[in-house]
Amino acid sequence: MIRSVALGCGSYVPARAVANADLTNVVDTSDEWIVQRTGIRQRHIAAEGELTSDLAVAAARAALVHAGVSVEEVDLIVVATSTPDETFPATATTVQAKLGMTKGAAFDVQAVCSGFVYALSVADSMLKNGLGTTALVIGAETFTRLLDWGDRASCVLFGDGAGAIVLRAETATGATDERGVIASTLHSDGRLHDLLYVDGGPSSTGTTGHLRMHGKEVYRHAVTKLTEVVGEVLIAGGLTSADIDWVVPHQANVRIIDSVAGKLALDPAQVIVTVDQHANTSAASIPLALTAAVTDGRIQRGDLLLFEALGGGMTWGANLLRW
Ligand code: ACO
C-alpha cells in the first residue's frame, strides 16, 4: 500500500503584528475582554498588495527547504483557502506559477476553518490513488479582508497567515507505527450555514461580502462536533487517545481547544497553542501551529499527531498523522 509521508513543513506570517490594545482604536473592546474570552493577544495583518498567494508561496518555500525537496519534484498543490486572490483561477495555480512549476496539478479546497484538514485528506487520497507523488498541502488566508471592522464580536478574532507541508507517496505496510497519514474523517452540515458565513459572493451579491457569525452557537457546535470527530478518527485509525503524542488543533479560541482536550482526557501540555500569537487564521492555523512546534523541537519524527478543525458550512474533520 501507499502512505502519504510528511517530509517537512513551513509557515509565514505578514510582518505587521497588531496587538489587542491597537484594536481599541478601531472598535469598543479591550485587551482583557479578548484575552479572557479567546486567549488571543495579537494577530498579523497582510500589507496592502500582499496576497494570499504571496503568503502561500512563502510558506511553501519554507516547507520545501525543511523537507529537502526541490520545486521540480512537486506534482500536486492543494491550497486550502476561503480568501483566494481572485474568484478564479484557483490560488493554487497562481502559487504554482510563482514557484516556477510547469507540471502537475493545482487546485483550491474551500472548507473555511476546516480547510487544511480537508486538503490534507484530499491530497492523501490522491497520492494513494497514484494521482501524484509529491504534494504541497497549503493553508493560506488573508482573512482580515473579510472582516466587518464595525462588528466587535467578530473582527477581533481573526488574522492572516499561511502554513504548508510536503507529502510524498511512499510504499508502506499499513502499520500504525509507520510514518504518514493514518486516517482522516470529514463531515459537513449545510443546514448550519447561518451560524458562520460571508454575506457576499459572485453569484449572490456580486461583492466579496463580510463575515457574519453567531459566536455562542459556533462555540457550542465546535466543542461537541470536534469531540465526536476525534473519537471517529481514532477508531478509523485503530488507535486510542492514549496513543496521541500531540494535538495540533485549529486555533480559534483557547477555551474551545481546552474543552476538547479535556473531554479526551489529554494533558494540556500535549496541545499545541498558537492562537495567542496568530488569532484565528482559518485554514492556515493548523500548519502554522504545526510548524511552530516542529521548529521548537516539541514535535519529533515518529510522533503521532492529531489535527482537528471546525468551520463555516458547517464543516468539521480530523486527521491522524505519524510525523
Ligand atoms: N469586546 C468587548 N465586548 C464585546 C466584544 C469585544 N470584542 N464582542 C462582544 N462583546 C460583548 C457583547 O456585546 C456582550 O455584551 P452584553 O452582554 O452587554 O450584550 C458581551 O460581550 C458577551 O457577548 P457574547 O457574544 O455573549 O460573548 P461570548 O462569551 O459568547 O464570547 C466569542 C464571544 C468569543 C465570540 C465566543 O462566543 C466564541 O469564541 N465563539 C466561537 C466563535 C469562533 O471561534 N469563531 C471562529 C470561526 S469558527 C471556528 O474557527 C471554530
Side-chain angles (χ1 to χ4, degrees), residues 18-43 80-83 110-118 139 141 143-161 163 186-190 192-199 210-230 247-261 263 271 273-276 278-289 307-318:
V18 176
N20 291 344
D22 300 328
L23 293 183
T24 59
N25 302 321
V26 183
V27 280
D28 180 14
T29 190
S30 66
D31 178 54
E32 191 193 5
W33 191 96
I34 300 171
V35 172
Q36 270 183 6
R37 304 275 172 144
T38 70
I40 295 165
R41 294 186 181 277
Q42 65 165 32
R43 73 283 298 134
T81 189
S82 307
T83 46
Q110 215 273 43
V112 203
C113 297
S114 312
F116 189 77
V117 165
Y118 267 67
E141 303 276 17
F143 222 73
T144 60
R145 299 206 170 124
L146 292 177
L147 301 178
D148 174 355
W149 290 101
D151 175 16
R152 66 177 181 166
S154 63
C155 74
V156 301
L157 303 178
F158 297 92
D160 302 331
L186 305 178
H187 288 287
S188 65
D189 185 347
L192 300 172
H193 168 278
D194 291 357
L195 301 189
L196 181 57
Y197 66 102
V198 169
D199 61 1
H210 292 112
L211 181 140
R212 304 294 171 210
M213 183 180 76
H214 294 282
K216 265 198 206 312
E217 283 294 296
V218 172
Y219 189 101
R220 195 173 60 78
H221 282 286
V223 174
T224 53
K225 289 182 165 46
L226 289 172
T227 307
E228 282 167 16
V229 80
V230 170
V247 184
V248 188
H250 167 51
Q251 309 282 321
N253 180 315
V254 82
R255 291 190 298 149
I256 297 176
I257 292 172
D258 288 348
S259 189
V260 174
K263 283 180 192 286
V271 183
V273 176
T274 54
V275 69
D276 53 328
H278 302 146
N280 183 344
T281 56
S282 186
S285 86
I286 288 177
L288 269 167
F307 301 155
E308 41 96 331
L310 172 135
M314 300 196 109
T315 56
W316 63 102

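Starting from 1, each residue takes its place in the sequence as its number. Ligands are counted one by one from 1 in listed order, and the atoms in each one are counted from 1 as well.
- Considering every non-hydrogen atom in both Ala283 and Thr81, the closest pair reads CB-N, 4.4 Å.
- Under the 4.5 Å side-chain criterion, counting only non-hydrogen atoms from C-beta, Ile34 is not in contact with Leu157.
- The ligand atoms of ligand 1 that sit less than 4.0 angstrom from a heavy atom of Cys113 are 50 (O).
- In this model, no donor atom of one side chain and acceptor atom of the other lie less than 3.5 Å apart for Glu141 and Thr281.
- Counting heavy atoms from C-beta outward, Val260 and Pro249 have side chains that stay 4.5 Å or more apart.
- For the pair Asp28 and ligand 1, a heavy-atom separation below 4.0 Å is found.
- Within the 4.0 Å cut-off (strictly below), a protein heavy atom is located near atom 38 (C) of ligand 1.
- For atom 7 (N) of ligand 1, a protein heavy-atom neighbour is found at a distance under 4.0 Å.
- For Thr24 (side chain) and Asn20 (main-chain N/O), no donor-acceptor pair under 3.5 Å exists by modelled atom type.
- Here the side chains of Ser188 and Tyr118 are in contact, with some heavy-atom distance below 4.5 Å.
- Checked for salt-bridge contact, Lys225 and Glu228 miss the test: no charged N lies under 4.0 Å from a carboxylate O.
- When hydrogens are left out, the protein atom nearest atom 26 (O) of ligand 1 is Lys216 NZ, 2.8 Å; that is the closest non-hydrogen contact.
- Those atoms of ligand 1 that come under 4.0 Å of a heavy atom in Asn253, given as number and element, are 38 (C), 39 (O).
- If you check which protein heavy atom lies closest to atom 15 (O) of ligand 1, you get Arg152 NH2, 4.2 Å.
- Closest to atom 45 (N) of ligand 1, if we only count protein heavy atoms, is Met213 SD, 3.1 Å.
- A donor-acceptor pair is defined here as one N or O able to donate and one able to accept, closer than 3.5 Å; such a pair exists between the side chain of Arg255 and the backbone of Arg37.
- No N or O atom of Thr38 sits closer than 3.5 Å to an N or O atom of ligand 1.
- Distances below 4.0 Å separate heavy atoms of Ala252 from the following atoms of ligand 1: 44 (O), 49 (C), 50 (O), 51 (C).
- Using a 4.5 Å cut-off on side-chain heavy atoms (C-beta onward), Thr144 and Trp149 make contact.
- With a 4.5 Å cut-off on side-chain heavy atoms, Ile257 and Gln251 count as touching.
- At the top of the distance list for atom 41 (C) of ligand 1, counting protein heavy atoms only, stands Gly215 O, 3.4 Å.
- Distances below 4.0 Å separate heavy atoms of Tyr219 from the following atoms of ligand 1: 38 (C), 39 (O), 40 (N), 41 (C).
- Within 4.0 Å of atom 19 (O) of ligand 1, not a single protein heavy atom is present.
- Per-atom contact check: atom 13 (O) of ligand 1 touches the protein, criterion being a heavy-atom distance below 4.0 Å.
- If you check which protein heavy atom lies closest to atom 46 (C) of ligand 1, you get Asn280 ND2, 3.3 Å.
- When Phe158, Trp316, Trp33 are ranked by how near their heavy atoms come to atom 9 (C) of ligand 1, first place goes to Trp33.
- Side-chain atoms of Arg152 never come within 3.5 Å of backbone atoms of Val27 as a donor-acceptor pair (strictly under, hydrogens ignored).
- At the top of the distance list for atom 1 (N) of ligand 1, counting protein heavy atoms only, stands Thr29 OG1, 2.7 Å.
- Short contacts between ligand 1 and Leu310, defined as distances under 4.0 Å to a heavy atom of the residue, involve ligand atoms 49 (C), 50 (O), 51 (C).
- When the heavy atoms of Glu217, Gln36, Arg37 are ranked by distance to atom 28 (P) of ligand 1, first place goes to Arg37.
- Side-chain N or O atoms of Thr227 include one that pairs as donor or acceptor with a backbone N or O of Val223 at under 3.5 Å.
- Counting protein heavy atoms only, atom 50 (O) of ligand 1 is closest to His250 NE2, 2.8 Å.
- Here is the list of ligand 1 atoms found below 4.0 Å of a heavy atom in Leu196: 47 (C), 48 (S).
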- Task: Starting from the C-alpha separation in whole Å, work towards a yes-or-no answer on salt bridge (charged side-chain N to carboxylate O under 4.0 Å, His left out) for Asp194 and Arg212.
- Result: CA-CA 8 Å; Asp194 291 357; Arg212 304 294 171 210; over 6 Å; no
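- Near Val156, meaning under 4.0 Å from one of its heavy atoms, ligand 1 places the atoms 7 (N).
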